[in-house]
Amino acid sequence: MSDRPTFTAPSTGRDVPVPAAASDALWGSDVIAATLRALGVPFLALNPGASYRGLHDSLVNHLGNAAPEMLLCLHEEVAVAIAHGYAKAGGGMMGVVLHSNVGLMHAAMAIFNAWCDRLPMLILGATGPWDAARRRPWIDWIHTVADQGALVRDYTKWDNQPGSVAAAVEALLRAAQIAQTAPRGPVYVNLDAALQEQKLDDRPALPDPSRFAAPVAPPPAAAEVECAAALLAQARRPVILMGRMSLSVEDWRRRVELAERTQAAVITDLKTGATFPTAHPQHAAPPGNFMAPAACAALREADVVLMLDWVDPGGAFRQAGGVPTGAKVIQATLDAHLHRGWAMDMGSLAPADVQLQCEPDAAVRALLPLLPQAAARHWAPRAPLPGAPADGVVSIRAVAEALAARARAEEICIVRLPLGWNGAYRDFSHPLDYLGADGGGGVGAGPGNTVGAALALRGSGRTAVALIGDGDFLMANTAVWTAAHYGLGMLLIVCNNRSFFNDELHQERVAKERGRPPENKWIGQRIDQPDIDIAQMARTMGAVGIGPVDDARELGPAIAEGLAAARAGRACVIDARVAPGYDANMSGAPPSAASQKR
């Protein structure tokens with residue numbers, strides 16, 4: 001098989017190397033690089049390291065830094081977050097390269113986020129020579145560990161450390177297949193530095209990767225579909241909980257048809273992306289990280305519940321006060337295939353009278369032909385949300401209104417939303433209107449996710465926009481440099497309350513429960529003295545920095561400027577100095593919640 005691209009490879013057009021002279025010499029890493037090209041891996045996000053210097057050379061001097069193209073990142077956590085965001089926005093499986101055990105440890109939290117989000121990612125690692133006689137003094141020893149994959153084995157689908165070049169080719173084929181087989185997730189292949197730098201006598205023939213493609217997930221069993229359809233057809237108060245669904249517009253249309261045909265109340269949330277039009281009369285309540293009271297009421301009254309790969313299915317019933325008496329539950333998910341003993345990301349166990357072992361949209365496709373049109377139900381109109389006060393105070397609500405006034409929904413893709421967001425601030429009517437949260441609750445994912453989404457959205461007509469907290473930005477702000485360097489247009493609106501404010505609320509709650517001074521809640525939480533100039537940080541990395549914006553009347557012009565910059569291929573960061581506090585009506589954590597991310 002030729003090393004030349006066999007697909008139309010996306011490219012940023014940056015970092016073009018000087019062509020290497022023709023040579024018959026071939027190295028182990030050349031074959032590995034050619035395999036990545038054959039697999040159609042478009043980009044490799046990475047932070048450099050000597051453990052994979054052989055592969056790095058092959059990507060640049062053997063493949064010309066194209067198909068795949070390297071994306072330089074300033075932290076391994078950002079590299080993984082970019083690949084995560086790329087997959088969230090529909091770009092498919094990207095690659096990441098991590099330097100030895102130390103790079104993998106840096107990246108571990110971001111890998112966990114992608115695992116919890118059930119998104120594919122091909123992660124390549126490296127180790128010092130496994131043959132101890134070939135290790136350089138000191139440095140190769142501290143960069144070699146006995147079982148490097150064990151660091152992330154509990155939150156990757158598969159890992160491997162191949163012992164030969166031929167085994168490395170097979171490992172990559174298997175890894176790509178496993179990562180992209182539903183339920184999807186990250187995989188890890190660890191490449192021995194000596195294997196990469198091994199000189200080869202012959203050019204091995206690469207297998208045809210199309211013969212090792214990920215299988216299409218099977219449809220649900222016909223008998224189970226018939227049983228589920230019978231329950232839905234007889235239901236008087238059905239409810240559908242839409243969780244991790246596809247980005248397909250056709251699948252979106254089918255979901256709407258299913259809801260209308262069954263006259264079911266629909267519940268969505270902000271942990272997953274947009275899956276159903278939130279302005280639809282059957283949408284029970286504005287989405288949140290936790291279910292709103294109206295959504296809980298609909299679930300309590302349900303006689304049939306269809307759960308479509310809902311995140312924490314048992315938790316939904318717990319929020320509603322328990323499984324409704326006599327209600328029948330239909331589960332459509334493949335998630336049980338990933339459940340492990342280490343992580344509890346599967347959530348609490350929900351009962352199921354019918355199990356559809358399939359991807360959720362496959363369940364929708366199978367059910368539709370079997371369902372008659374239900375009698376129309378009366379749907380109460382949603383109460384209008386009062387406007388933001390015209391007092392000049394910068395709040396998340398004011399940011400939402402300014403964004404709505406300056407950008408039509410179809411022009412932007414909201415990558416992330418802050419904790420204080422009320423689901424009623426904005427309606428979603430397309431799968432790319434909103435991409436969902438970070439999966440694992442790891443603070444610092446927002447900037448990298450936005451860069452990855454911007455990469456995937458190039459040419460789509462949509463601009464990647466994220467509203468994130470100051471803590472999220474400050475942990476991973478170097479992602480902005482990567483966006484600026486590669487000309488990725490995006491807009492980060494930092495809702496900067498100068499605090500890890502969600503934890504202030506937790507400390508206040510604990511202090512009151514213990515009869516201690518709640519006035520001390522800010523200690524160990526506030527980010528001030530000195531104040532951090534977020535806009536200036538962005539400017540130092542080549543991005544457009546706007547702010548600080550501390551008057552709501554300045555938000556509109558700031559957002560207009562930021563969107564214009566993003567559309568022109570610039571990364572832009574707005575420092576919006578929001579007042580501490582959350583909307584009293586937000587669909588957020590209930591007061592009894594014991595834990596929630598910052």
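Small disclaimer: the values here were computed from a predicted structure and weren't measured.
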Worked check of side chain to side chain contact (heavy atoms under 4.5 Å, CB included) between Val189 and Val187: CA-CA 7 Å; Val189 178; Val187 292; 5.6 Å; no

Stepwise salt bridge (charged side-chain N to carboxylate O under 4.0 Å, His left out) check, Arg254 with Glu257: CA-CA 5 Å; Arg254 292 187 190 99; Glu257 184 179 352; over 6 Å; no

Side chain to side chain contact (heavy atoms under 4.5 Å, CB included) assessment of Leu241 paired with Leu299: CA-CA 9 Å; Leu241 289 94; Leu299 191 54; 4.0 Å; yes

Working for side chain to side chain donor-acceptor pair (under 3.5 Å), residues Trp310 and Gln331: CA-CA 9 Å; Trp310 185 262; Gln331 275 266 33; over 6 Å; no

Steps toward salt bridge (charged side-chain N to carboxylate O under 4.0 Å, His left out) verdict (Asp159, Arg153): CA-CA 7 Å; Asp159 72 90; Arg153 186 164 297 141; 2.7 Å; yes

Steps toward side chain to side chain contact (heavy atoms under 4.5 Å, CB included) verdict (Thr333, Met307): CA-CA 8 Å; Thr333 181; Met307 306 187 97; over 6 Å; no

Verdict with reasoning, Thr275 to Leu308, per side chain to side chain contact (heavy atoms under 4.5 Å, CB included): CA-CA 11 Å; Thr275 56; Leu308 297 172; over 6 Å; no

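The nearest pair of heavy atoms linking Arg416 to Gly436 is CD-O, 3.5 Å. Closest approach of Asp438 and Ala445 over heavy atoms only: CB-CB, 3.8 Å. What you find for Ala228 and Val354 is that their closest heavy atoms are CB-CG1, 4.1 Å. In plain terms, the two heavy atoms of Pro351 and Val323 that are nearest each other are CG-CG2, 3.7 Å. Between Pro431 and Ser248, the shortest heavy-atom contact is CG-O, 4.0 Å. Contact detail for Ala483 and Ala571: the closest heavy-atom pair is CB-CB, 3.8 Å.
Checked by atom type and distance alone, the side chain of Glu224 never pairs as donor or acceptor with a backbone atom of Leu356 at under 3.5 Å. In this structure a side-chain-to-backbone donor-acceptor pair under 3.5 Å is missing from Asp335 to Met346. Side chain of Asn113 to main chain of Gly442: a donor-acceptor pair is present (N/O by atom type, distance under 3.5 Å, no hydrogens or angles). Checked by atom type and distance alone, the side chain of Asp303 pairs as donor or acceptor with a backbone atom of Arg236 at under 3.5 Å. Distance alone, capped at 3.5 Å, is enough to place a donor-acceptor pair between the Gln282 side chain and the Ala259 backbone. Checked by atom type and distance alone, the side chain of Tyr434 pairs as donor or acceptor with a backbone atom of Leu270 at under 3.5 Å. Arg237 contributes no side-chain N or O that, together with a main-chain N or O of Val304, makes up a donor-acceptor pair within less than 3.5 Å. Checked by atom type and distance alone, the side chain of Asp472 never pairs as donor or acceptor with a backbone atom of Val443 at under 3.5 Å. Of the possible polar contacts, one joining the Lys157 side chain to the Ile178 backbone as a donor-acceptor pair under 3.5 Å is found. Of the possible donor and acceptor atoms, none in the side chain of Arg426 sits under 3.5 Å from a partner among the backbone N and O of Gly423.
Within the model, atoms CH2 of Trp421 and SG of Cys495 stand 8.0 Å from one another, a figure rounded to the nearest 0.5 Å. The CG atom of Leu467 sits 9.0 Å away from the CG atom of Leu492 when rounded to the nearest 0.5 Å. To the nearest 0.5 angstrom, Thr156 atom OG1 is 9.5 Å from Tyr188 atom OH. Taken from CG in Asp251 to CG in Leu258, the straight-line distance is 12.0 Å, to the nearest 0.5 Å. Between the CG atom of Asp208 and the CG atom of Leu173 there is a distance of 9.5 Å, given to the nearest 0.5 Å. Between the CG atom of Leu306 and the OG1 atom of Thr262 there is a distance of 8.0 Å, given to the nearest 0.5 Å.
At least one side-chain heavy atom of Pro277 sits under 4.5 Å from a side-chain heavy atom of Val256. Between Val41 and Leu172 there is no side-chain heavy-atom pair separated by less than 4.5 Å. In this structure, the side chains of Leu432 and Ile414 stay at 4.5 Å or more apart for every pair of heavy atoms. Within the 4.5 Å cutoff, no side-chain heavy atoms of Leu417 are placed close to those of Tyr425. Counting heavy atoms from C-beta outward, Pro207 and Phe212 have side chains that approach closer than 4.5 Å. Looking at heavy atoms from C-beta onward, Val465 lies out of side-chain contact with Val415 at the 4.5 angstrom threshold. Side-chain contact between Leu71 and Leu455: present, with at least one pair of heavy atoms (C-beta onward) separated by less than 4.5 Å. Side chains of Ile330 and Asp353 form no contact here, defined as non-hydrogen atoms less than 4.5 Å apart.
Counting only residues at least two apart or in different chains, ring pair (Phe, Tyr, Trp, His ring centres under 6.0 Å) contacts with residues 312-335 are absent.
The neighbour count for Glu401 CD, taken as heavy atoms of other residues, nucleotides or ligands under 6.0 Å away, is above 12. Within 6.0 Å of CG in Leu349 there are 12 or fewer heavy atoms belonging to other residues, nucleotides or ligands. The neighbour count for Arg211 CZ, taken as heavy atoms of other residues, nucleotides or ligands under 6.0 Å away, does not exceed 12. Atom CZ of Arg174 sits in a sparse spot, with 12 or fewer heavy atoms from other residues, nucleotides or ligands closer than 6.0 Å.
A donor-acceptor pair shorter than 3.5 Å cannot be found between the side chains of Glu411 and Thr463.
Ring planes of Tyr155 and Phe112: perpendicular class, angle over 60° (limits at 30 and 60°). Classified by interplanar angle (parallel below 30°, tilted 30° to 60°, perpendicular above 60°), the ring pair His280/Phe276 is tilted.
Asp117 has a carboxylate O that lies under 4.0 Å from a charged side-chain N of Lys88, or vice versa, which qualifies the two as a salt bridge. We find that Arg318 and Asp312 are not joined by a salt bridge, their nearest charged nitrogen and carboxylate oxygen being 4.0 Å or further apart. Between Glu250 and Arg365 there is no salt bridge, since no side-chain N of the basic residue sits under 4.0 Å from a carboxylate O of the acidic one. Between Asp345 and Arg340, no side-chain nitrogen of the basic residue sits less than 4.0 Å from a carboxylate oxygen of the acidic one, so the salt-bridge criterion is not met. Contact check on Glu359 versus Arg244 returns no salt bridge, with no Lys/Arg side-chain nitrogen under 4.0 Å from an Asp/Glu carboxylate oxygen.
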